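Report on one structure; see the data block that follows.
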Amino acid sequence: MSASDPVDTPTVTDTTEAQTATVDTPLRRFLSDYCDSPLAVGAAVVLFLIILIAIFAPWISPQDPYDLAVVSIFDARMPPGSYAMDGTPFLLGTDGAGRDLLSAIFYGLRISLSVGVAAGIIAIIVGMSVGLAAAYAGGRTENLIMRVVDLQLSLPAVLIALILLAILGKGVDKIIIALVVAQWAYYARTVRASALVERRREYVEAAACLGLGHARIVFRHILPNCIAPLIVVGTVQTAHAIALEATLSFLGVGLPPTEPSLGLLIANGFDYMLSGKYWIAVFPGVALLITIVSINMVGDQLRDVLNPRLQK
Amino acid sequence: MSEPPVLEVSDLKTHFFTKAGVARAVDGVSFSLARGEVLGLVGESGSGKTVTGFSLMGLVDAPGRVVGGSIRLGGEELVGKSERDWRSLRGRKIAMIFQDPMMTLNPVLRVDTQMIEAIRAHEDLSEEAARERARAALARVGIPSPDERLVAYPHQFSGGMRQRVAIAIALLNEPDVIVADEPTTALDVTIQAQILYEVQKLCADTGLAMIWITHDLAVVGGLADRVAVMYAGRIVEEGPVGEVLDGPLHPYTRGLIGSVPSHNRRGRRLTQIPGMAPSLLALPPGCSFAARCPRADSLCTAMPELVPTEGDRAVRCHHPHRADEPAIEGGSA
Amino acid sequence: MSKQPLMRLDGVSKRFAKRLDTAEKIVNFFGGDRREEVVHAVDRVSMDIADGEVVGLVGESGCGKSTLGRVVAGVHAASDGKVFWRGKDVSTLSGAERRDALLKIQMIFQDPMSSLNPRMRVRDIVGEAPRVHGLISAGEVDDYVDKMLLRVGLDPGFRMRYPHQFSGGQRQRVGIARALAVEPDFLVCDESIAALDVSIQAQVLNLFMDLREELGLTYLFISHDLGVVEHLSDRVVIMYLGRVVESAPTEELFAGPNHPYAQALLDEVPRIDTRKRVFQPIKGEIPSPINPPKGCHFHPRCPHAFARCREETPALREIAPGRLSACHLNDG
Ligand SMILES: Nc1ncnc2c1ncn2[C@@H]1O[C@H](COP(=O)(O)OP(=O)(O)OP(=O)(O)O)[C@@H](O)[C@H]1O
Ligand SMILES: Nc1ncnc2c1ncn2[C@@H]1O[C@H](COP(=O)(O)OP(=O)(O)OP(=O)(O)O)[C@@H](O)[C@H]1O
Ligand code: SF4
Ligand code: SF4
Ligand SMILES: [Mg+2]
Ligand SMILES: [Mg+2]
């Protein structure tokens with residue numbers, strides 16, 4: 001009787017369900033979750049605009065602020081809303097050398113962002129490899145690596161960068177090195193923590209049962225599941241890197257004057273603060289602030305969205 | 001039997017207002033509980049058992065809300081009480097035991113501190129008297145050398161002991177009703193048996209009434225007097241344990257019982273209920289079991305009511321089985 | 001049983017040592033007394049599993065069932081003792097032979113969520129290993145995956161889905177399809193249905209029984225649910241604190257367990273066909289595997305314990321054809 005029961009056939013499948021299933025990819029879920037907070041969407045839009053500006057600075061700036069043929073010292077320190085002698089407006093005024101401040105900020109964003117992002121990417125790669133190696137190797141190797149990481153994290157990043165730059169000198173490459181050294185440990189710790197959790201999951205054991213190689217297990221199975229926290233830490237740390245670079249440049253140990261990042265612009269304008277020419281320092285400062293705040297807000301929302309514990 | 005029930009729940013509705021829609025986790029649940037009675041509440045995962053328990057304790061948190069119905073405990077209406085009133089009721093009149101005893105226990109406080117606090121929250125008692133009562137409660141749930149155990153921290157206990165301490169805490173103020181939410185699911189068989197043994201004795205000796213939430217029909221069979229089967233937020237069948245397990249009326253109950261491996265069907269295929277429970281957010285109109293039900297027909301697009309049948313039973317189905325059909329097809333062989 | 005067993009364990013032990021960390025070493029330096037803790041998760045277990053047999057492995061939490069299963073599946077290497085696969089000591093196998101032996105034994109896990117990689121589609125979860133091992137070519141992956149999905153009763157239309165888009169029972173089927181994809185002879189099922197709803201458990205149990213018939217699989221079925229084990233197994237092995245205490249054909253065991261622990265365990269199990277019974281539990285807690293009692297591990301809880309039990313470990317001996325038990329009472 002039970003054998004002839006129609007519900008008892010071994011291949012009970014829900015065919016209808018397969019057809020009506022929505023294409024619910026992780027990306028789609030992620031986007032819909034991200035858009036929950038209008039504030040975060042706003043921040044993402046602002047950040048996107050900032051990135052566009054940084055990429056297209058040479059084409060959208062009213063002036064090439066570093067073309068000596070265009071810049072005239074007679075236009076120096078003009079307040080926001082003035083006009084050049086040839087009639088081009090200086091929306092945000094000009095700096096001490098007569099450069100259009102808006103253009104200088106666009107170019108400054110370009111430099112600040114590229115230094116920050118380059119440092120971030122290299123630090124992620126270094127930190128990720130070290131963290132994965134530590135988690136997968138375990139034992140003594142892990143202990144050694146993690147002691148170095150702890151040591152590094154116990155020192156303030158500014159201090160590390162300052163010491164390094166004092167030794168290395170100025171230069172784009174030098175500051176990137178300094179930023180990477182100051183930040184890789186955050187990534188290493190993050191990746192190790194999530195890799196340790198993932199390594200104990202049963203799917204890793206299943207992969208071992210299926211005779212898959214170590215490299216495949218680490219890179220194809222474990223790593224993709226550690227990406228989410230890495231993205232979160234990555235955004236926040238990139239904001240830190242940009243701020244750190246600005247600080248160092250402001251202190252005069254970061255980028256050379258030939259690479260005028262936002263930090264350098266602020267430093268240059270700082271001299272004029274007391275004489276009431278606030279805009280030369282304040283506008284680059286505001287640009288820096290908006291950049292960092294928007295990155296951090298995006299990072300916060302990413303953390304909420306990507307946090308597996310908050311997911312249903 | 002003429003005694004009025006301690007707990008009477010009627011048409012209880014607890015809904016969750018989520019982004020994706022309204023989840024009717026508990027949707028019109030009614031039952032009553034007499035003194036000393038154990039009611040087994042069984043059902044698929046997500047059918048609303050825990051939410052029912054939380055509603056009885058006034059513990060439903062946002063986005064959930066009790067949106068209707070009534071809970072009468074000893075004649076007193078609980079729905080609509082303020083949080084303050086709830087706090088004075090909880091522990092004193094009705095208490096809950098969770099699957100994870102650490103929901104009840106604070107890991108950084110000694111057991112005696114926690115127990116004495118729990119007593120003195122409701123009663124003006126001297127510390128000595130409170131300690132004595134705590135000791136007695138531990139002894140009653142079968143904890144050996146309760147004096148030593150009183151001064152221990154929760155992490156010094158094994159899982160089963162911890163659960164027994166949690167039960168002892170629930171007993172401290174001699175509530176009328178205890179809601180136990182899968183308290184033995186995480187425990188080993190022999191430890192589970194120890195706890196079931198203590199609970200059984202307690203209910204018989206003190207007249208304590210219990211709601212025992214579980215998905216294990218076998219535990220219900222051994223422990224409970226009555227059983228209520230939940231599916232998708234509603235009770236689909238209710239009645240005395242023996243009658244329901246031996247002659248289930250509802251097709252879901254039948255499928256559930258047929259799914260459990262048992263002595264006399266070794267090696268044979270089990271009855272399987274095809275498909276899975278529907279999402280509470282997209283319940284079909286009519287009977288929510290229809291998509292999986294072998295008896296479903298056009299009538300079932302209308303929601304059946306929970307109708308009383310003979311022998312103090314009730315079933316929510318347009319085409320119930322007969323009570324004298326054997327629970328398991330071919331099982332009598 | 002003159003035939004060579006498919007799998008033979010010979011005195012297999014598995015120990016886990018919890019090493020001292022730096023803080024504890026410092027404590028010791030100042031005169032503290034922190035020792036390395038060694039857990040004898042599996043203690044000198046020997047057993048044979050015949051081709052096509054279903055062996056149920058039961059016992060309480062922490063008694064070493066999962067660890068033994070992992071040793072059998074080749075995930076853990078044994079600390080001591082030998083594991084023979086089709087008569088060959090696996091520790092002496094090399095290269096391709098070893099890989100083949102590994103692939104022939106697959107595990108089905110408890111948690112249907114964490115046993116599937118959340119970032120991979122079903123197609124990759126099921127198709128990866130056969131593709132990597134060259135069982136199929138890249139072009140055949142889709143067809144092969146479809147075949148596996150059909151075999152476990154899933155719609156091939158699910159191929160491009162991610163694990164979170166399935167219900168628990170369906171996920172468990174995906175896990176089974178993944179194991180079947182490398183054409184195993186032997187499945188180690190570690191609590192494979194414990195996390196599922198009762199009605200879904202039946203679906204998966206039926207699937208296991210169907211697969212056994214269709215593919216002639218051998219199973220080591222680990223569970224704490226005696227009802228399930230009784231339903232499925234030809235033989236039941238009962239463990240207590242790392243040791244096997246009884247091993248018997250299922251019907252004989254359930255008709256009359258020999259070992260006092262087996263007797264107690266069988267008594268305790270609530271059964272759906274018993275009503276309003278009075279529970280009469282064995283007293284006492286399960287001891288810690290870090291400091292197991294001397295002699296017979298069960299003696300602090302055993303109602304029949306006598307002096308010898310506290311001193312001497314009972315050996316697992318044959319008490320009837322095909323029945324083994326480890327209790328001094330059998331020396332009569
Ligand atoms: N905080 C919440 N927000 C939204 N929905 C919820 C929430 N809590 C519970 N639910 C919904 O209520 C339903 C009932 O859940 P409940 O926990 O009562 O199930 P259960 O019967 O106890 O299941 P289990 O056997 O798994 O414990 C679930 O389908 C769940 O989706
Ligand atoms: N990787 C490990 N490292 C250290 N100890 C371990 C490890 N795996 C298991 N153990 C210990 O070995 C003992 C046996 O564990 P095992 O998981 O095999 O038990 P089990 O019988 O499967 O229990 P359960 O029913 O809870 O799954 C336990 O005391 C456990 O703490
Ligand atoms: S009402 Fe209809 S669909 Fe629902 S359980 Fe009864 S027969 Fe099945
Ligand atoms: S050896 Fe002794 S203690 Fe162990 S089970 Fe037998 S009688 Fe009990
Ligand atoms: Mg629940
Ligand atoms: Mg286990």
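This structure is a prediction, so every number in the text was calculated from the model and none was measured.
Judged purely by atom type and a 3.5 angstrom limit, Asp197(C) uses its side chain to pair as donor or acceptor with the backbone of Ser45(B). At least one donor-acceptor pair closer than 3.5 Å links the side chain of Asn206(C) to the backbone N or O of Leu270(B). For the pair His231(C) (side chain) and Arg268(B) (backbone), a donor-acceptor distance under 3.5 Å is present.
Applying side chain to side chain contact (heavy atoms under 4.5 Å, CB included) to Val198(C) and the options Ile257(B), Ile273(B), Leu256(B) leaves one that passes, Leu256(B).
A donor atom on one side chain and an acceptor atom on the other are found under 3.5 Å apart for Thr190(B) and Glu60(C). Looking only at atom types and distance, the side chain of Ser199(C) has a donor-acceptor partner in the side chain of Glu44(B) under 3.5 Å away.
Within 6.0 Å of CD in Gln156(B) there are more than 12 heavy atoms belonging to other residues, nucleotides or ligands.
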Next on the checklist: Set out, in order, the CA-CA distance, both residues' side-chain angles and the distance that settles side chain to side chain contact (heavy atoms under 4.5 Å, CB included) for Asp210(C) and Arg269(B), then state yes or no.
Outcome noted: CA-CA 9 Å; Asp210(C) 294 339; Arg269(B) 290 184 62 79; 2.6 Å; yes
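Scanning all heavy atoms of the two residues, the minimum distance from Gly227(C) to Pro261(B) falls at O-CB, 3.5 Å.
Within the 4.5 angstrom heavy-atom criterion, only side-chain atoms of Gln192(B), from C-beta onward, approach chain C.
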